[in-house]
Protein chains: 2
Amino acid sequence: MQQLEQVVTSLRNEGFRITPQRIAIVDYLLKTKEHPNAERIHKTIKRKYPMVSLSTIYKTLDLLKERKLVNEIDVGGEARFDAHTDEHINLVCMKCGKIDDVDDDMLKEIRNKAAKKSKYFILKGSFELFGYCEICKSKRN
Amino acid sequence: MQQLEQVVTSLRNEGFRITPQRIAIVDYLLKTKEHPNAERIHKTIKRKYPMVSLSTIYKTLDLLKERKLVNEIDVGGEARFDAHTDEHINLVCMKCGKIDDVDDDMLKEIRNKAAKKSKYFILKGSFELFGYCEICKSKRN
DNA sequence: TTATCTAATAGGAATAATTACTAATTAATA
DNA sequence: TATTAATTAGTAATTATTCCTATTAGATAA
């Protein structure tokens, strides 16, 4: 994703209102690498805006998803959010829940091959690898 | 996945009981290509066993997942199940909900590269492409 | 700057998929 | 065939997300 100002400008240009809640959410997502879920975003934003509601978090995330400004990953029945929107692999640690990003040029190729073979019109891809992160794998039981 | 008898034998050898419910669920999953959700499996099994409960469906799916006899895919907040357990790409039609499988040898390579780069110990991969299937893309609005 | 208009918000209720619980049933065994 | 513990049916509980609505507050233009 881009800079905060770019996002704000593009939202404003599309006719959306710029609210402190929206700025806070976008700002947080741009700065973090932790792929938070809705609740974690809510808790974080609340430190600045104690009145912010969880439903606003969800509504804002919907808006950002539609505008392709954030990416949603489903992991174990809950949604996690990421401002890193170009195609990449999400490595999910099944012990601590951490998610790391890894880029790979082959993803584009895979996508194109699959589209050709299947005759699907593909809009987005989601690539997850599940396992144990470097820290958790050493202390695995 | 394998043949029904193989699955039954392996479950029995591991000390699990072979119940008509389990046989029916495994049999259905082996035969279908439609990547059903829990409710669809329930409805299908009910035709033979009207008393079967949804909780049994979920419990059996948990067992089969643990034994790596079925694969779970999260799509749009619901879980869909598949007896095709070797690594492959799931193409999800965002209009009709159909899921098609596509194999690609590069997946192994991607997995290995990502493991090396990230130092994760990887247990499973999940590769989804979302878009419109051949039928739906032509009648897209 | 102020008034107007309507999008956006807060807060809570509703929904839906999944999990947990428990008494009754039944597959495996000896 | 009797015994025993795993499994099941049925239902309640849980949890993430969506829906609903009165109130608030950005954006715009006078």
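Below, chains carry the letters A, B, ... as their sequence lines are ordered, and counting in each starts from 1.
- Looking at which nucleotide of DNA chain C each of A/Thr56 and B/Pro20 is closest to, the 5′-most match is held by A/Thr56.
- Remark: P of D/dT7 and CZ of B/Phe16 are 7 Å apart, rounded to the nearest angstrom.
- Between A/Thr19 and D/dG26, a side-chain N or O to OP1/OP2 separation shorter than 4.0 Å is absent.
- Spacing between atom CD1 of B/Ile57 and atom P of C/dT19 amounts to 14 Å, rounded to whole angstrom units.
- Considering only side-chain N and O atoms, A/Gln21 lies nowhere under 4.0 angstrom from the phosphate OP1 or OP2 of D/dA25.
- Checking C/dA10, D/dA16, D/dA27 against every side-chain atom of A/Arg12, the shortest atom distance belongs to D/dA27.
- Using a 4.0 Å cut-off between a side-chain N of Lys or Arg and a carboxylate O of Asp or Glu, A/Asp82 and A/Arg80 do not qualify as a salt bridge.
- No donor-acceptor distance shorter than 3.5 angstrom exists from the side chain of A/Lys124 to the backbone of A/Asn71, with no hydrogens or angles considered.
- To the nearest angstrom, P of C/dG11 lies 16 Å from OH of A/Tyr49.
- Distance A/Ile45 CD1 to C/dT9 C1': 15 Å, rounded to the nearest Å.
- In this structure, A/Glu78 atom CD and C/dA16 atom C1' are separated by 17 Å, rounded to whole Å.
- In this structure, CG of A/Leu54 is placed 13 Å from P of C/dT9, rounded to the nearest angstrom.
- With hydrogens and angles ignored, a donor-acceptor pair closer than 3.5 Å exists between the side chain of A/Arg17 and the base of C/dA7.
- Remark: P of C/dT15 and OH of A/Tyr58 are 18 Å apart, rounded to the nearest angstrom.
- A donor-acceptor pair shorter than 3.5 Å cannot be found between the side chains of B/His88 and B/Asp86.
- If you check D/dT17, D/dT8, C/dT9 against the side chain of B/Arg22, the one that comes closest is D/dT8.
- Rounded to an integer number of Å, the gap from B/Lys43 NZ to C/dA17 P is 10 Å.
- Residue B/Ser55 places none of its side-chain N or O atoms closer than 4.0 Å to OP1 or OP2 of D/dA9.
- Among all heavy-atom pairs drawn from A/Leu29 and A/Ala83, the shortest one is O-CB, 3.5 Å.
- Atom CG of A/Asn13 sits in a crowded spot, with more than 12 heavy atoms from other residues, nucleotides or ligands closer than 6.0 Å.
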